[in-house]
Amino acid sequence: MDDQPRLMHSHTGVGMAGHPGLSQHMQEGTGGTDGDGRKQDIGDILQQIMTITDQSLDEAQARKHALNCHRMKPALFNVLCEIKEKTVLSIRGAQEEEPPDAQLMRLDNMLLAEGVSGPEKGGGSAAAAAAAAASGGAGADNSAEHSDYRAKLSQIRQIYHTELEKYEQACNEFTTHVMNLLREQSRTRPISPKEIERMVSIIHRKFSSIQMQLKQSTCEAVMILRSRFLDARRKRRNFNKQATEILNEYFYSHLSNPYPSEEAKEELAKKCAITVSQVSNWFGNKRIRYKKNIGKFQEEANMYAARTAVNAANASSHGSQANSPSTPNSAGGYPSPCYQSDRRIQ
DNA sequence: ACGAATGATTCCGT
DNA sequence: ACGGAATCATTCGT
């Protein structure tokens, strides 16, 4: 702290030489005193400015007032104006261009798509729940979960909006606060409108980055909600007995090559009243589980083998095909096993 | 309540 | 794009 005054002195010395504006003010501001006294004055003032932040509020207020009333104040103000003008130019050059944030756009789009940030529909969670309850009379199975999902979504939506509003409010409050501060300070130091604008934009950037975090976490919450409710695993139902019989029949009668073609899958799907991909899932699961523990499936395999054998016998004796979707390939009940097993009939 | 069964998803290799 | 393998989440049987 000891070198501060000296530093300022030397600086003002240079300033005196280089700033016609200052010397002009000095001359008209100070009637008869000599140059050394003026230097001392400016040194004092600058030191007071530098240390003003260390002081208590009352003390600072008093000193501020004293500075405002000081006879050297207009001169100093002018010097600061000139310095400012030069530095502001350099700052303006370094002004970074605001990039159109792709990440933010993605988040916004997603929130809009999920109906979180879009226009309010249904008007709150209570109304949404009521509407869901009203519509959920007949299809209790599906719409009960759907309403649950929507209720949770509107909860997220509500939190999102209140938080967003809070941020907005805080941003505005902070901005006006800073503006007031700057206005107040503009009495003692020069502040250009450009500077205020810049300050405001900095504040807005900061707050929008906070908003981005909110949006991000909201997106995360929605994704989790989606994965919880829209995941088919959550509402899994076992196939009915008939469907599993049909599938098993096909599987064990094609044990040598249990890979149904696309057409066979479609046919099975139709017979079982399930989708083709469900058929694919079933065969995928069956293959891997059969292979993993052939012994466990032995009984089942024998049973279906016997059944197809009976069917074949019936078919040959009656001259008509059974209603099982078995194809000619290895339909005789003696499949060459692609998975080794000591298969025996009964 | 518990473990087995089961349908669906995910990851990975081809 | 498909199948194998592992895994998840639910349902079923006890």
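Chain identifiers are assigned alphabetically (A, B, ...) following the order of the sequence lines, protein sequences preceding nucleic acid strands; residue numbering begins at 1 within each chain.
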Whole-Å gap separating [atom2] ([N]) and [atom1] ([X]):
X	N	atom1	atom2	result
A:Asn240	B:dT6	CG	C1'	14 Å
A:Asn248	B:dA5	CG	P	14 Å
A:Tyr290	B:dA5	OH	P	16 Å
A:Asn285	B:dT10	CG	P	14 Å
A:Asn281	C:dG3	CG	P	11 Å
A:Lys286	C:dG3	NZ	C1'	18 Å
A:Leu247	B:dA8	CG	C1'	15 Å
A:Phe251	C:dG3	CZ	C1'	14 Å

Does [X] place a side-chain N or O at less than 4.0 Å from the phosphate oxygens OP1/OP2 of [N]?
X	N	result
A:Lys292	C:dG4	no
A:Gln278	B:dG7	no
A:Arg287	C:dG4	yes
A:Lys291	C:dA5	yes

Looking at residues at least two apart in the chain, or sitting in another chain, which of them share a side-chain hydrogen bond (donor to acceptor under 3.5 Å, both in side chains) with A:Gln185?
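side-chain hydrogen bond (donor to acceptor under 3.5 Å, both in side chains) list for A:Gln185, sorted by chain: A:Arg189.
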Taking for each residue the nucleotide of DNA chain C bearing the nearest heavy atom, is the 5' side occupied by A:Arg236 or by A:Glu262?
A:Glu262
Return the polar atom pairs (N/O with N/O) between nucleotides 12-14 of chain C and the protein under 3.5 Å, or none.
none

Whether A:Phe174 and A:Phe207 hold their rings parallel, tilted or perpendicular, with breakpoints at 30° and 60°
tilted
Using 30° and 60° as the class limits, which term best fits the ring planes of A:Phe297 and A:Tyr290: parallel, tilted or perpendicular?
tilted
Which Ile, Leu, Val, Met, Phe, Trp or Tyr residues join A:Met212 in one cluster when any pair of side-chain heavy atoms under 4.5 Å counts as a link?
A:Leu104, A:Leu107
Rounded at 0.5 Å granularity, tell me how far CG in A:Leu181 sits from OG1 in A:Thr176.
11.0 Å
Does a donor on one side chain sit under 3.5 Å from an acceptor on the other, for A:Arg106 and A:Asn109?
no
Between the base of C:dG4 and the side chain of A:Arg289, is there a donor-acceptor distance below 3.5 Å?
no
What contact category does A:Phe239 fall into here, base, sugar-phosphate, or nothing, at under 4.0 angstrom with non-hydrogen atoms?
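Sugar-phosphate contact only - A:Phe239 comes under 4.0 Å of backbone atoms but never of a base.
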Which one of A:Phe239, A:Tyr250, A:Tyr304 satisfies the side-chain contact (heavy atoms from CB on, under 4.5 Å) criterion with A:Glu245?
A:Tyr304
